[in-house]
Amino acid sequence: MANMKRQREMDSLQLTFDGTVAILTMCTAENRHNPAFAKQMLSTLEEVQKNHTCTALVITASDEKCFSLGIDTDWLMPAIQSKQFDDIKDFMHTMDAVFKTLLLFPIPVIAAINGHAFGNGAILTCACDFRFMRSDKGFFCFPEVDLSIPFLPGMIAFVKKAVPYYRFNEMKLSGRRVSGAELANDHVIERAFDSHESLMEGALNYAKTFDKKRSIFGEHKKRLHKHIIETIDNENPYFIDNMILTV
């Protein structure tokens, strides 16, 4: 990673490069998803996509414990109580745009899960093409069943591309925390590493094996994920626009 070049830093995201591999690092302690995060993530993804020297993207976090703990409930719950429905709808639609961008990204997107990935944080990694994770610390979890927050139809569709149905069913209904080693056995992640250093080295080395033409890579993903995009576009708006987001 010695040749890593820093490009620019934002409030909660940092974009750097290691050769032709872009590295998007989430820089807050828990990397919670709120309107500012969603807009910055979408803007940064669009910036990487416009940079045609990039051959792969690695998404990770700087915190020692957390990759991302998902939706910022400290923002969401008060927003619901104060009926800031337009802000909530805009956030949900922007996050859908983030997920769609990742699903259709014309270069490989690799999640280097350096710590806890809960809820929307875990869901974010499922929109990526490949996942690597630490085996020595950090859990992967869908706690929505305990928070009374149901998955949107589009989320279910693309999480199922990353997580075998039997494991997704068990995790979604139990809210159980799963380790990197177990996820490796289920092929949810490509490999589990025993340290942050080896995780980043492994993710970057894997990213550097790719040098595909964007035209064919993007077309593959467009056709492969066609049904997922249709679900996001056609089914999610009903639940978002009618604020059917909690039960």
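Values in this document were obtained by computation on a predicted structure and should not be read as measured data. Along the sequence shown, residues carry numbers from 1.
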| From Leu45 CG over to Leu15 CG, what is the distance, rounded to the nearest 0.5 angstrom? | 9.5 Å
| Cut-off 3.5 Å, side chains only: do Asp241 and His93 have a donor facing an acceptor? | yes
| What's the spacing between Leu147 CG and Thr246 OG1 if we round to 0.5 Å? | 11.0 Å
| field | Asp186/Tyr166 under side-chain contact (heavy atoms from CB on, under 4.5 Å): CA gap, chis, key distance, verdict | value | CA-CA 10 Å; Asp186 281 333; Tyr166 70 90; 2.6 Å; yes
| query | If two hydrophobic side chains count as joined below 4.5 Å and joins carry through other members, does Ile189 share a cluster with Leu103? | reply | yes
| When the aromatic ring centroids of Phe151 and Phe239 are compared, is their separation below 6.0 Å? | no
| With no hydrogens and no angle check, is any side-chain donor or acceptor of Asn120 less than 3.5 Å from a backbone partner on Ile71? | no
| message | So which atom in Leu152 and which in Met92 form the shortest heavy-atom distance, rounded to 0.1 Å? | response | CD1-CE, 3.6 Å
| Does atom NZ of Lys161 have more than 12 heavy-atom neighbours, drawn from other residues, nucleotides or ligands, at distances under 6.0 Å? | yes
| request: Could you tell me whether Lys213 and Glu219 have a side-chain N and a carboxylate O separated by less than 4.0 Å? | output: no
| message | Run the salt bridge (charged side-chain N to carboxylate O under 4.0 Å, His left out) test on Lys208 and Asp18 for me, step by step, so that the C-alpha distance in whole Å, both residues' side-chain angles and the decisive distance to 0.1 Å come before the verdict. | response | CA-CA 9 Å; Lys208 291 174 183 177; Asp18 187 347; 3.3 Å; yes
| request: Evaluate the side-chain contact (heavy atoms from CB on, under 4.5 Å) criterion for residues Tyr206 and Arg191: first the C-alpha distance (whole Å), next the side-chain angles of each, then the deciding distance (0.1 Å), finally the verdict. | output: CA-CA 11 Å; Tyr206 187 68; Arg191 184 179 170 187; over 6 Å; no
| Any side-chain heavy-atom pair of Leu204 and Ile23 under 4.5 Å | yes
| Shortest non-hydrogen contact from Met133 to Gly138? | CE-O, 3.6 Å
| said: So, taking the atom named NZ in Lys137 and the one named CG in Asp194, what distance separates them when rounded to the nearest 0.5 Å? | reply: 12.0 Å
| field | Worked check of side-chain contact (heavy atoms from CB on, under 4.5 Å) between Leu69 and Phe118 | value | CA-CA 5 Å; Leu69 297 190; Phe118 290 176; 3.8 Å; yes
| Are Phe158 and Leu224 linked, directly or through other ILVMFWY residues, by side chains that come within less than 4.5 angstrom of each other? | no
| message | Please check if the number of heavy atoms outside Phe85 that lie under 6.0 Å from its CZ is greater than 12. | response | yes
| field | Side-chain heavy atoms of Val21 within contact of Val58, under 4.5 Å | value | yes
| Electrostatic pair Asp63:Lys65 at N-O distance under 4.0 angstrom | no
| query | Above 12 or not: heavy atoms from other molecules or residues under 6.0 Å from CZ of Arg167? | reply | yes
| note | CZ (Phe17) and OG1 (Thr53) are apart, to the nearest 0.5 Å, by 6.0 Å
| message | Is there a side-chain contact between Phe37 and Asp72 in this structure, where contact means two heavy atoms from C-beta onward sitting under 4.5 Å apart? | response | no
| Do the ring planes of Phe132 and Phe193 sit parallel (below 30°), tilted (30 to 60°) or perpendicular (above 60°)? | tilted
| Distance-minimising heavy-atom pair for Leu199 and Arg134 | CD2-CG, 3.7 Å
| request: Identify whether Ile88 and Ile123 are in the same connected component of the hydrophobic contact network (ILVMFWY, side-chain heavy atoms under 4.5 Å). | output: yes
| request: Starting at CG of Asn34, measure out to CH2 of Trp75 and round the result to the nearest 0.5 Å. | output: 7.0 Å
| remark: salt bridge (Lys or Arg N to Asp or Glu O under 4.0 Å) pairs touching residues 99-112, sequence neighbours excluded, are Lys100-Asp233
| said: Is there a side-chain contact between His33 and Met41 in this structure, where contact means two heavy atoms from C-beta onward sitting under 4.5 Å apart? | reply: no
| Judged by atom type as modelled, is there a donor-acceptor pair below 3.5 Å linking the side chain of Arg131 to the main-chain atoms of Val188? | yes
| field | Within-4.5 Å side-chain heavy-atom neighbours: Ile156 and Pro153 | value | no
| Out of curiosity, Ile107 CD1 to His52 NE2, how far, rounded to the nearest 0.5 Å? | 10.0 Å
| Counting only heavy atoms not in Lys39, do more than 12 sit closer than 6.0 Å to its NZ atom? | no
| query | In this structure, are over 12 heavy atoms from other groups packed under 6.0 Å from Tyr165 atom OH? | reply | no
| Under 3.5 Å, side chain of Asp129 to main-chain N/O of Ile110, donor-acceptor pair present? | no
| message | Applying a strict under-4.5 Å side-chain criterion to I, L, V, M, F, W and Y, I'd like to know whether Leu42 and Leu124 cluster together. | response | yes
| Is there side-chain contact between Pro150 and Val247, with heavy atoms separated by less than 4.5 Å? | yes
| said: Please give me the minimum heavy-atom distance between Ala111 and Cys128, naming the atom from each residue. | reply: CB-SG, 4.0 Å
| Aromatic plane relationship, His116 with Phe139 - under 30° parallel, 30 to 60° tilted, over 60° perpendicular | parallel
| request: Verify the distance criterion only: is there a donor paired with an acceptor across the side chains of Ser12 and Gln40 at less than 3.5 Å? | output: yes
| message | If you compare all heavy atoms of Cys54 against all heavy atoms of Arg214, which two are closest, and at what distance to 0.1 Å? | response | O-NH2, 3.1 Å
| query | Is the shortest side-chain N to carboxylate O distance from Arg176 to Glu170 below 4.0 Å? | reply | yes
| request: Give a yes or no on this: more than 12 heavy atoms of other residues, nucleotides or ligands lie within 6.0 Å of atom NE2 of His220. | output: no
| field | Polar side-chain atom of Asn242 near backbone of Tyr238 as donor-acceptor pair, under 3.5 Å | value | yes
| task | Using the six-membered ring wherever Trp is involved, compare the ring planes of Phe142 and Phe168 and label them parallel, tilted or perpendicular (cut-offs 30° and 60°). | result | perpendicular
| query | Would you say Ile113 and Leu24 are hydrophobically clustered, going by side-chain heavy atoms of ILVMFWY under 4.5 Å? | reply | yes
| Where do Phe217 and Pro108 come nearest, in terms of heavy atoms and distance? | CE2-N, 3.5 Å
| task | Report yes if the side chains of Leu102 and Ile59 come closer than 4.5 Å at any heavy-atom pair, otherwise no. | result | yes
| said: Any non-hydrogen side-chain atom of Thr60 less than 4.5 Å from a side-chain atom of Met200? | reply: yes
| query | Taking the side chain from Asn31 and the backbone from Phe67, do they hold a donor-acceptor pair closer than 3.5 Å? | reply | yes
| message | What verdict does the side-chain contact (heavy atoms from CB on, under 4.5 Å) test give for Thr101 and Phe105, after you've listed the backbone C-alpha separation in whole Å, the side-chain angles of each residue and the deciding distance to 0.1 Å? | response | CA-CA 6 Å; Thr101 299; Phe105 220 60; 3.9 Å; yes
